[in-house]
Q: 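Sharing a structure, written as structure tokens. Questions coming.
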Amino acid sequence: MPMEKTFNAAEAEARLYDAWEKSGAFKAGANAREGAETFCIMIPPPNVTGSLHMGHAFNNTLQDILTRWHRMRGFDTLWQPGQDHAGIATQMVVERELALSNRRRTDMSREEFTALVWDQKKKSGGTIIDQLKRLGASCDWSRNAFTMSGAPNAPAGEEGNFHDAVIKVFVEMYNKGLIYRGKRLVNWDPHFETAISDLEVEQVEVQGQMWHFKYPLAGGETYEYVERDADGNVTLRETRDYISIATTRPETMLGDGAVAVHPADERYAPIVGKLCEIPVGPKEHRRLIPIITDEYPDPTFGSGAVKITGAHDFNDYGVAKRNDIPCYRLMDTKAAMRDDGAPYAEAAAIAMAVAKGERQLSEAETDALNLVPDDLRGLDRYEARKRVVEQITAEGLAVMVEVPGQARDAKDTPAPASKPASAPASKPGPAPAPEPGPRLIPFVEQNKMMQPHGDRSKVVIEPMLTDQWFVDTAKIVEPALKAVRDGMAAQEAGSFDEKAGYTRILPERDAKTYFHWLENIEPWCISRQLWWGHQIPVWYGIRLEENLHSEDNPTGQVLKPFCRSTEEEALECAIAYYGQRTDVTLCKDGEPLFFDVHEDGYPKTVKLYRDPDVLDTWFSSGLWPIGTLGWPEETEELKKYFPTDVLVTGFDIIFFWVARMMMMQLAVVDKVPFHTVYVHALVRDEKGKKMSKSLGNVLDPLDLIEEYGADAVRFTLTAMAAMGRDLRLSKDRIAGYRNFGTKIWNATRFAEMNGALRRDGVATEKLQKPDATHTVNRWIIGETARARIAVDEALTAYRFNDAANTLYAFVWGKVCDWYVEFSKPLMDGDHAEETRATMAWVLDQCYILLHPIMPFITEELWALTGERAKMLVHADWPAYGTELIDEAADREMNWVISLIDEIRSARAQMHVPAGLKLPIVQTSLDEKGSKAWANNAPMIERLARLDGMTEGKAPKGAITIAVEGGSFAIPLEGVVDIAEEKSRLSRTLEKLEKDLNGLRGRLGNPKFVESAPEDIVEETREKLELGEDEATKLKAALKRLDEIG
RNA sequence: GGGCGGUUAGCUCAGCGGUAGAGCACUACGUUGACAUCGUAGUGGCCACUGGUUCGAUCCCAGUACCGCCCACCA
């Protein structure tokens, strides 16, 4: 049955994938040789609700190439797939769904909600798996993992021990003091109402507004305010009864604990230590705060004086901690102004007492204090800001500026002498409607500033003072740094050893990124106020009085945490802690917390309640390598495949994931999770823009697979995967590689039509390399060996593009362009059988070598072209090398090829009709050339459209063909235009002479001959000699033409 | 502000000490026992700029100019 004209990808891909899966081709260890080394890749788990985007397609194509390549080479191979539960992202999807029916998560219980999330997982979790299958990913799906498997409320079918592993790690790290709980300023996402880590915050440039306000000094006190320029000359001197501060967040003034100035700032020296008044809120209850010094304020920025709001700004928090300034929380979880606690008057009075040093508050008391004036309570932070600005302005305490046309009021907004140029950069705020005469408006500096946003919610992050769990990263970072330092050193030294227990990051530059981040690592906030995730295994009771200020409780926390893997253990632990006099029970969901006490104050009943927070998704994905292999159980797979081999990932998750996996695996099992991290670049659109839904420039890999076939998409991504460079994907390129598939398909058709695929009943994988005698066959066998060597070298070095380009050049440029053409005249005659056998072998090698990149079409061709005992997916990867290269055959064929090239070129330039067969006259030819001609005459005549060769002198009106070792003439009397031939030869000669001059120059330079390596000098000499020979011939030909003309 | 990249043919990119390559696009011509998703031939480059090292630099070093990315607390 003759083959179709093209490969029908749409029809074949599903069928082939199905066949692979059914035969267990992707199972761990499939096709492994006896006693084989292992090779294991962990998939970067996509979000369970996700769908395949171009980045996934790229990432997984590379992994699949490595996996298939190793599997064919007989490694005991595992590509471990799975999905991530993706806390926020997944919860977001389900909440959005709920919103459609006007419901919210808080309308139901936690259990009901997480059940809905599990439903969602069931519904959409398979999508990405199916899509990866469309790509051809050869994962061992029977081992598909999920970061929430085995969670307490997981439905049937979601068993597994990932949850247990996560909990175990948390408990162990807690016991080792690597995890702690504390009230810290964290990034708070007001939309999802949860803390997030630094990495989940995106800095976005926005147009910022900075107001300047006057904080009156307490008791109407005044001081001499003096400003000087760089030379110390006084530029301003006046008496002030206030200190001017600049702020971008007026609403946080309510929580100010101090005003800070730089200790060296002489302008404010007279008032340091005095109190000033926050100019908001009811006048009779204005709070006073101290003016302090700290290194943080920059005297050249703003007014040089900074209001310190420890609970809502990271810098201020640092200042507050250093100077023992109270941090007053102003907002609730939605970042609206607090509406709880005692009325403002009461709270303000307490805060005032604190400021005056008359009173001290515990952390809890400070947190309970609501310093939001009654009229602002419950307002959104931006509404509150507006009100605050209005109030201050109305009261005349905003620094004003004259408009229009007037410079800003210099006396109130001092521009320090060192930065005189800063003034023009600042413009007055919103321009008022033009009115006659100058008029005063509040001075608002318009500056570009970076504002933190949640990477998921896109809302502005609010720094919030809350109780959170942290990993003490400083304690576990060192091994992760050392492992990569050692790995990179070995890589550099060329002595990299996969078994040495260190890790390298490729390309090298990404190692720098890794180092930089880890060397400056901050504590990692791992608690999230979400419902979807691993709930923190900590139960709280009340702390026993005598321990309130003990060493293990420096902040005087009232709660006593019991961190254990299970409720039962926590309960046991608590019982031991309280002793006989206390009745300890578990607090059931929704039950009120109630602590009853004995007469002497000792707890009588304690209800343990579980920490409601869940763990950061990346805490669990940080355990992906051991978790998917069954840890903490000593499973066979864990023993066999861990540490794994390569991690293939995008640079965007080096911090999120790679660094954390390194730290966590080293902390938990004291081994690096993989020896190599291959970091690939981003897939962009053809204009170089990052693909994003909002830009609408997303190329959907599924669409592309539909249109061009998975192989074409894969080959394109591979060919463009130059290390470390972003790649721009265009459809033209994909179409080009789809054509490449068609090309090899048709080469196979040719072979089939010529009976070159008859294997005479020999199982093809047993098909040996034929003992060819004909130069053409010996040559292509050598070329095949070269290709195999180059592909292996490229893949070993993770140079995927080199592998793809090598194959492209070999299959198209060598096999199709030349070998197939050469073979045509050989299909009858003495060498017919040998040529057929060689072609069959060469094509098999093409399928094998291409299979990791283009699995579908090659598998199909494999099946179509022989009785195969094994599918191609399990075919043996060849090991032949340079022993197959026949240098003599190589030289001969290269001579033949260049002769044909020359003739074709001359014909085309002389406008000889393509179909016209011409005789050729050999005017001179050395022995090698004669032999080469004799061996390959039918091929040369066919490909160069010649009609027999004679020896003799160049006839009149002939074109001259000069090749190494000889020259030919093609008589074109009447056809050829003498002038044109002259100009053609001249052009060729000119080019040649230019090259020769360069070569002569070099050889004429004694220093070159002295210093350059011998082989280079020798090569240069040879080139010159050959070139000069050719030039001589060209000159002779030109002279002849001159004689004729 | 700190760090890391990039600048090579019209476009997208390889190459990274021995005098420049691919794909696409473009031009001309189409023929042989697979292939028009094709064939053959061709056009097209002071390898960003300026210095330095070297016998020799697109490649190494230093600086300049643009472009891009990452990190960062200027109120």
Side-chain angles (χ1 to χ4, degrees), chain A residues 3 5-7 198 203 208 210 245-249 252 260 296-298 300-309 313-319 447 449-450 452 463 509-510 512-513 516-517 520 651-652 654-655 681-682 686 688 690 708 712 716 719-720 722 724-730 732-733 735-754 801-802 805 808-809 813 816-817 820-821 824-825 827 901 904-909 911-917 942-943 945 995 998-999 1001-1002 1005-1013 1015-1017 1019-1020:
Chain A
M3 285 170 69
K5 268 193 124 175
T6 57
F7 174 57
D198 302 347
Q203 300 292 337
M210 191 158 76
I245 60 97
T247 182
T248 53
R249 304 206 51 198
T252 66
Y296 163 63
D298 174 0
T300 67
F301 188 82
S303 68
V306 185
K307 63 192 238 5
I308 302 302
T309 320
D313 182 285
F314 284 96
N315 290 312
D316 293 4
Y317 184 67
V319 177
N447 282 328
M449 55 179 264
M450 299 302 270
R509 115 165 70 94
D510 288 293
K512 290 185 190 167
T513 318
H516 184 259
W517 190 69
N520 299 290
F651 70 87
D652 50 335
I654 292 179
F655 306 141
L682 215 62
E686 51 196 316
K690 196 169 166 173
Y708 301 101
T716 307
M720 296 175 83
R725 254 260 209 163
D726 285 352
L727 52 102
R728 299 191 187 188
L729 196 61
S730 73
D732 284 348
R733 195 80 188 244
Y737 289 122
R738 186 260 333 260
N739 297 353
F740 175 57
T742 306
K743 190 74 184 173
I744 188 169
W745 182 269
N746 277 297
T748 303
R749 271 183 83 214
F750 168 80
E752 188 208 32
M753 287 172 179
N754 285 279
N801 57 321
D802 283 355
N805 291 326
Y808 188 93
C816 295
D817 285 350
V820 169
E821 295 304 325
K824 286 175 182 171
M827 284 300 174
D901 273 344
R904 281 174 169 175
S905 177
R907 287 176 59 121
Q909 284 177 68
H911 306 296
V912 176
L916 187 61
K917 286 194 173 190
R942 183 188 185 97
L943 295 189
R945 303 295 291 159
D995 286 350
L999 295 173
R1002 266 199 278 169
N1005 181 345
K1007 283 195 173 164
F1008 170 73
V1009 183
E1010 260 169 54
S1011 332
D1015 53 326
I1016 294 290
V1017 178
E1019 200 186 303
T1020 312

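What you see below is based on every heavy atom in this structure, not just the backbone, and it leaves out hydrogens, waters and symmetry mates. Proteins come first, then strands; the chains are lettered A, B, ... in the order of their sequence lines, and each starts at number 1.
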Q: Okay, side chain of A/N520, backbone of A/H516: is any donor-acceptor separation there less than 3.5 Å?
A: yes
Q: Using only heavy-atom distances, determine whether the side chains of A/R749 and A/N746 contain a donor-acceptor pair under 3.5 Å.
A: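 Note: A/R749 and A/N746 side chains meet the donor-acceptor criterion.
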Q: Just say parallel, tilted or perpendicular for the rings of A/W745 and A/F7, cut-offs at 30° and 60°.
A: tilted
Q: Whether the side chain of A/D313 engages the backbone of A/T309 through a donor-acceptor N/O pair (distance < 3.5 Å, no angle test) should be reported.
A: no
Q: Would A/K824 count as a cation-pi partner of A/F750, with NZ or CZ less than 6.0 Å from the six-membered ring centre and within 45° of the ring normal?
A: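 Flagged: A/K824 positioned over aromatic ring of A/F750.
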Q: Protein-nucleotides 42-47 of chain B N/O pairs closer than 3.5 Å?
A:
unit_1 : atom_1 : unit_2 : atom_2 : d
B/G42  : OP1    : A/S905 : OG     : 2.8

Q: What's the closest nucleotide to the side chain of A/R509 if the choices are B/C74, B/G5, B/U37?
A: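 The listed nucleotide nearest to A/R509's side chain is B/G5.
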Q: Only counting residues at least two apart or in another chain, list the ones meeting side chain to side chain contact (heavy atoms under 4.5 Å, CB included) with A/E1019.
A: A/K1023
Q: What nitrogen or oxygen pairs link the protein and nucleotides 21-23 of chain B at under 3.5 Å?
A:
none

Q: Distance between the C1' atoms of B/U12 and B/C71, in whole angstroms?
A: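 The same atom, C1', in both gives a distance of 29 Å.
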Q: Please give the distance between the P atoms of B/C16 and B/U7 as a whole number of Å.
A: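 Result for the P pair: 13 Å, nearest Å.
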Q: Do A/Y708 and A/T716 have side chains that get closer than 4.5 Å, going by heavy atoms?
A: no
Q: With respect to the phosphate group of B/C74, does any side-chain polar atom (N or O) of A/N315 fall under 4.0 Å of OP1 or OP2?
A: no
Q: Test your reading of the model: is there a side-chain donor-acceptor pair from A/R945 to the backbone of A/P913, 3.5 Å cut-off?
A: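 Between the backbone of A/P913 and the side chain of A/R945 there is no qualifying donor-acceptor contact (under 3.5 Å).
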Q: Touch check for A/Y296, heavy atoms < 4.0 angstrom, all strands: base, sugar-phosphate only, or nothing?
A: base
Q: Classify every nucleotide of nucleotides 15-20 of chain B by which part a protein heavy atom approaches to under 4.0 Å, writing B for the base, S for the sugar-phosphate alone and - for neither, in 5'-to-3' order.
A: S--BB-
Q: What base-paired stems does RNA chain B take part in, with at least 3 consecutive Watson-Crick or G-U wobble pairs and both distances under 3.5 Å?
A: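 Expected stems, ordered by start: B:1-7 with B:65-71, B:10-13 with B:21-24, B:26-30 with B:38-42, B:48-52 with B:60-64.
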Q: Which nucleotide sits closest to the side chain of A/F651: B/C71, B/C69, B/A75?
A: B/C69
Q: What string of B, S and - do you get for nucleotides 29-36 of chain B 5' to 3' if you count protein non-hydrogen atoms under 4.0 Å?
A: --BBBBBS
